Structure formats: C-alpha cells, structure tokens
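The next block holds one structure in the form of structure tokens; read it before the comments.
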Amino acid sequence: MQRKAYVPGAAVLLAALLAACTGGSGSGGRAADPKAGSTTSAAAPQPGKYRTLADACSAVSHDTLDALLPGLTRIADQEQRDRAYQGEAALTYNNDRRSGCRWKAESTDATDHLFVDFERVVSYDNTVSDDNAAHQVYATKEQAANLPVPSAGSSSSSGSPGGPGPGSGSGPGSGSASPSSSASATATVSAAGASGSSDPSASASGSPSGSPSATGTPADLQPRTLDDLGDEAFIDDELSTAQQRTVTVVFRTSNVIVTIEYDEQPAAPGITPSSKDMQDKARKLAGQLAGSLG
C-alpha cells in the first residue's frame, strides 16, 4: 500500500507559521513595551525655605523705631516708653504662620504709626510648591494696590542707597517678571539706605517733613515695583485729603510675605509729610527685615 505524505505537508505549514511569527517579532513589528512610553511621575513640589517665623514685635530695633517714630524718645515715663517700644502684637492663632505688630508715637509735630506683618505661606496642594503659593498671594496684594503702569523708559525702582536685596527678580525662583507685572508691575521693597530727606524743610528730629505748598507725590516716587528687594516687591504711597501720608511696602522672600505700613499725620494743618523721607525709611526697614529672614 502506498503511504501518503502527511509529514512533508505538516512541515511546510509549520515553516510558514514560524516565518510569520519571526516577521512579526522583528524590529519593525516588535510589540510595544507598555513601560517604554511611560514617563516618570513629576517630583513633588519642594517645601518653602522658611518653616517658622520671627516675632514681629522683636524684629524692629530701637534705633529703627526712633527713626520712624520720633515721638517715642519724647515719652517721659520710662515704663510707658518701654511699653511703646515693645509694640502691640496682632492677634494670631499660629505664630509660625502669621506674626504682626503695631507701634504708635505722638509728638507735638505729628502722630506716627508703624505696622509690620510676617506671613508664612504653606501650600496644601501637592502640585503647587510653597513658593508658588506665596507668589500667588503676593500677586493678589500687588493687584489690589492698583499700581500705575510705569512710563516708557522708566525704571521699576528708584535708586536705593542700601544696594540690592537678596534674590532680586519676580516670580518664585526666577528673575523674570511675574504674570501680573505686565498689567500693574510687581512690587518689592528695597533694602534702602539713607532715611534722610532731600527736602530742606525736613526736620532732623523726625517731625513732619515737607512744605505747606507740597501736594501729592512726586513722579519719581509714585507707587511702583522694586527690583532690589527679596524675590518680588512693591511700594505704595497714598496721601489723604487730611494730609495723612501712608507708605506701604510689600515683599516676598521664598514662602514668606512681609508687609510694612508706615503713616504720619502732621499736627499742624497745611503740612504735608515728605514722600521721599517716609519711603526711604520704610524701604530701609524692609531691607533690614529681608536680611534678618536669612
């Protein structure tokens, strides 16, 4: 009986199947590795530089308080003067997150107030760093100040005798301008030096400087951003109809925002406090506080 050739046919079929499998497993048809195209998850945002806050009432030296609030030195009673230097702590529920202090001094020339506030920002969003969260808080403050748009060719900060502060620039960890700076300019307080006034009528004792004819704020002292203090900062200057001038400096260093409010109300009508004198003093204090943060 003639035997049928089943084996050769099976061999041909097996060879064809092997060829198909080999072709599909080549470099052109290799099955995709499910891990090959995957990307590693983004690293968690780093915490802010500062984990605690200094006590605001202890952050300003007596010499600085004397310059800002000359009425302190004229308090005759020693116990009352000591209390005035200590200041009044602002109410807070967590000293590591917020610390503020107020001082007031009256004299025959004027009444002066100083407020210093430290705010440590902590992000509870695991996709946003503490620095970025603090930048957002700062940007809100700058926007609320409604700073005028600087004119073409003007600098964002007038010269500061104290030199540049640490980490100048805008935005967290960057020297570029913050998103809000194009609309209203970012704001920072410079570590200014001299606190004197170029106004010849300014009093060396710290009495309200300026002249009865002075009104408003000079063009070069208008509210503006400052590029030589902290990571970002601004200065605001307002004069009320009652001739009370209030200078505000706000700056951010990493995840801490510092606010300084300094106002003076002359005792005599028709006297306008010197914008330059008050801004220089406030900026000098800002520079000292920025340095104390480390």
Side-chain angles (χ1 to χ4, degrees), residues 50 52-120 162 189 191-197 202-210 235-240 242-251 253 256-269 271 273-274 277-294:
Y50 302 102
T52 60
L53 283 179
D55 175 33
C57 289
S58 303
V60 186
S61 69
H62 279 204
D63 288 343
T64 300
L65 288 173
D66 287 344
L68 292 161
L69 311 169
L72 290 175
T73 60
R74 304 177 189 181
I75 300 176
D77 183 77
Q78 181 66 46
E79 184 177 347
Q80 184 180 356
R81 185 165 62 250
D82 290 343
R83 286 199 303 268
Y85 276 114
Q86 290 174 4
E88 180 182 352
L91 178 64
T92 180
Y93 298 98
N94 186 341
N95 289 329
D96 285 335
R97 291 291 303 277
R98 199 77 180 253
S99 179
C101 194
R102 299 179 184 276
W103 294 264
K104 175 183 177 181
E106 297 179 355
S107 69
T108 56
D109 301 309
T111 298
D112 296 284
H113 296 86
L114 175 66
F115 174 63
V116 172
D117 178 73
F118 296 146
E119 179 180 3
R120 185 173 68 91
V189 176
S195 62
S197 169
S203 168
S205 65
S207 60
S209 42
I235 186 168
D236 197 7
D237 189 327
E238 296 183 355
L239 183 66
S240 72
Q243 302 306 300
Q244 174 176 310
R245 185 177 297 280
T246 301
V247 173
T248 303
V249 172
V250 179
F251 70 90
T253 298
V256 169
I257 298 173
V258 179
T259 300
I260 299 170
E261 293 179 1
Y262 176 41
D263 71 70
E264 180 172 285
Q265 175 66 66
I271 299 296
S274 168
D277 184 44
M278 292 185 65
Q279 286 194 25
D280 283 350
K281 290 177 181 179
R283 293 179 64 185
K284 183 176 182 179
L285 172 58
Q288 292 170 351
L289 294 179
S292 69
L293 290 175

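Computed over heavy atoms, backbone and side chain alike; hydrogens, waters and symmetry mates excluded. Every value quoted in this text rests on a predicted model; they were computed, and no experiment measured them.
Side-chain atoms of S99 come within 3.5 Å of backbone atoms of A56 as a donor-acceptor pair (strictly under, hydrogens ignored). Using a distance-only test at 3.5 Å, with no hydrogens or angles considered, no donor-acceptor pair links the side chain of R74 to the main chain of S107. Checking side-chain atoms of E261 against main-chain N and O of D117 turns up no donor-acceptor pair under 3.5 Å. Side chain of T253 to main chain of V256: no donor-acceptor pair is present (N/O by atom type, distance under 3.5 Å, no hydrogens or angles). T248 places no side-chain N or O within 3.5 Å of a backbone atom of D236 that could act as its donor or acceptor partner.
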Next item on the list: Could you please spell out the steps behind the side chain to side chain donor-acceptor pair (under 3.5 Å) verdict for R81 and Q78?
Entry: CA-CA 5 Å; R81 185 165 62 250; Q78 181 66 46; 2.4 Å; yes
Next item on the list: For the pair I235 and V247, evaluate side chain to side chain contact (heavy atoms under 4.5 Å, CB included) and give the outcome as yes or no after the intermediate values.
Entry: CA-CA 7 Å; I235 186 168; V247 173; 4.0 Å; yes
Notebook entry, point to check: Which is it for T259 and E119 under the side chain to side chain contact (heavy atoms under 4.5 Å, CB included) test, yes or no, and what are the steps along the way?
Noted result: CA-CA 8 Å; T259 300; E119 179 180 3; over 6 Å; no
Margin query: side chain to side chain contact (heavy atoms under 4.5 Å, CB included), that's the test. Do D112 and L68 meet it? Break it down for me.
Written below: CA-CA 8 Å; D112 296 284; L68 292 161; over 6 Å; no
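The heavy-atom pair separating P273 from M278 by the smallest distance is CB-SD, 3.7 Å. Closest of all the heavy-atom pairs between L65 and Y85 is CD1-O, 3.6 Å. Closest approach of G100 and C57 over heavy atoms only: O-SG, 4.3 Å. In terms of heavy atoms, F115 sits closest to A90 at CE1-CB, 4.5 Å. Taking all atoms of both residues into account, the shortest heavy-atom contact from F118 to L53 is O-CD1, 3.7 Å. The shortest heavy-atom contact between P266 and A110 is CA-CB, 3.9 Å.
The existence of a salt bridge linking D96 and R120 is excluded, since no basic side-chain nitrogen approaches an acidic carboxylate oxygen closer than 4.0 Å. Between D277 and K281 there is a salt bridge, since at least one side-chain N of the basic residue sits less than 4.0 Å from a carboxylate O of the acidic one.
With rounding to the nearest 0.5 angstrom, the CG atom of L114 is 7.5 Å from the CD1 atom of I260. Here the CG atom belonging to L72 is positioned 11.0 Å from the CG atom belonging to D82, to the nearest 0.5 angstrom. Note that CZ of R245 is 9.5 Å distant from CD of E264, once rounded to the nearest 0.5 Å. With rounding to the nearest 0.5 Å, the separation of OG1 in T246 from CD in Q265 is 9.0 Å. The distance from atom CD of Q288 to atom CZ of R283, rounded to the nearest 0.5 Å, is 13.5 Å. Here the straight-line distance linking atom OG1 of T73 with atom NE2 of H62 works out to 12.5 Å at 0.5 Å rounding.
Residue I75 forms a side-chain contact (heavy atoms from CB on, under 4.5 Å) with just one option from E106, R83, Q80, and that option is Q80.
Side-chain contact check for Y262 versus L285: every heavy-atom pair is 4.5 Å or farther apart. When side chains are defined from C-beta on, I257 counts as touching V250, because their heavy atoms get closer than 4.5 Å.
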